[in-house]
Amino acid sequence: MPHPARDALAARLRAAGSVFAEDEADLLLAAGDGDPARLRTLVQRRLAGEPLEYVLGWAAFDGHRIRVTPGVFVPRARTAVVVEQAARLLHRYDRVVDLCCGAGAIAVALLERVGALDLVASDIDPDAVDIAAENIGDRGIVVRGDLFAPLPDRFRGAVDVIAVNAPYVPTDAIATMPVEARDHEHRVALDGGGDGLELHRRIALGAGEWLRAGGSVVIEVSEAQAPASAAAFTAAGFTARIEHDDDVDGTCVVATLPA
């Protein structure tokens, strides 16, 4: 059955460079909710190059709609590899940190997969902290600060899993990222330093103070960087392995303290 409005919108989106024009048209029409003025505003924002997730106000991740606002890191499907590996290590009521939490996508997904957790999410970006608190609600605590600095003292030496999607894009490579990321997401959510692994090395050196014996860090990384990230954790006294999920094209390092 023809859908003239949807087809016309998809054509406009395709002309503007959208690869998934029909899908985007459906999402925008749904978000317009029958209000022509609202739909027109949403379409103009998208045609102007604003990321679809910001236009809609949410991003799809691991079966959830994660609320996002402009500037906050948009969850990527590949980060589900972190959720999968972390969930395998967790039981209900375990103590978990979602480090560099962004919008709190990992935390939301783990709460759904595992159940109730003693969870703290942390990020240095105040906008991310605000939206993560909205997404997580009363199911966890969200704190602002640099890596481990804002974590509650009761977590020291007692965390079962630290799940992390820290920035790992090398500084010089940010210019080559898709325009939707480099021009719209806060740089602090992208920049991993000279080789992309500056935060990985800091986390490897600091995580042992917060994990219980036998606890693990599960941290996203590119496939090419994974051996260097794993080596940083090994040098800090962890046993490290690399995991890859072909379904989401995601890679992570799972680093475990001796029991």
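These figures come from a predicted structure and were not determined experimentally.
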Using a strict 4.0 Å threshold on nitrogen-to-oxygen distance, state whether [X] and [Y] make a salt bridge.
X	Y	result
Arg113	Asp62	yes
Asp146	Arg202	yes
Asp118	Arg154	yes
Asp130	Arg67	no
Glu84	Arg88	yes
Arg6	Asp26	yes

task = Compare every heavy atom of Ala109 with every heavy atom of Phe61, then report the nearest pair and how far apart it is.
result = CE2-CB, 4.0 Å
message = Restricting to non-hydrogen atoms, name the atom on Ala21 and the atom on Leu13 that form the minimum distance, rounded to 0.1 Å.
response = O-CD1, 3.7 Å
task = Decide yes or no for Val161 and Asp94: does some side-chain heavy atom of the first lie under 4.5 Å from some side-chain heavy atom of the second?
result = no
Has [X] got a side-chain atom pairing as donor or acceptor with [Y]'s backbone, closer than 3.5 angstrom?
X	Y	result
Arg45	Glu50	no
Arg139	Asn135	yes
Thr41	Ala37	yes
Arg46	Val43	no
Arg212	Ala259	no
Asp160	Arg95	yes
Asp35	Gly32	no
His244	Gly250	yes

ask   = Looking at Phe73, does the NZ or CZ of Arg76 lie under 6.0 angstrom from its six-membered ring centre and within 45 degrees of the ring axis?
value = yes
Remaining members of hydrophobic cluster (4.5 Å side-chain criterion), Val74 = Tyr54, Val68
request  = May I ask you to list the residues sharing a hydrophobic cluster with Val19, side-chain cutoff 4.5 Å, ordered by chain and number?
outcome  = Phe20
Within 6.0 Å of CZ in Arg12, more than 12 heavy atoms from elsewhere = no
ask   = What pairs with Glu22 under salt bridge (Lys or Arg N to Asp or Glu O under 4.0 Å), at least two apart in sequence or on another chain?
value = Arg14
Modelled atom types, side-chain donor and acceptor of Tyr168 and Gln225, under 3.5 Å = no
task = Determine the interplanar angle of the Phe148 and Trp210 rings, folded into 0 to 90°, and report it as parallel if under 30°, tilted if 30 to 60°, perpendicular if over 60°.
result = parallel
Sole residue of Val143, Ile124, Asp123 in side chain to side chain contact (heavy atoms under 4.5 Å, CB included) with Val129 = Asp123
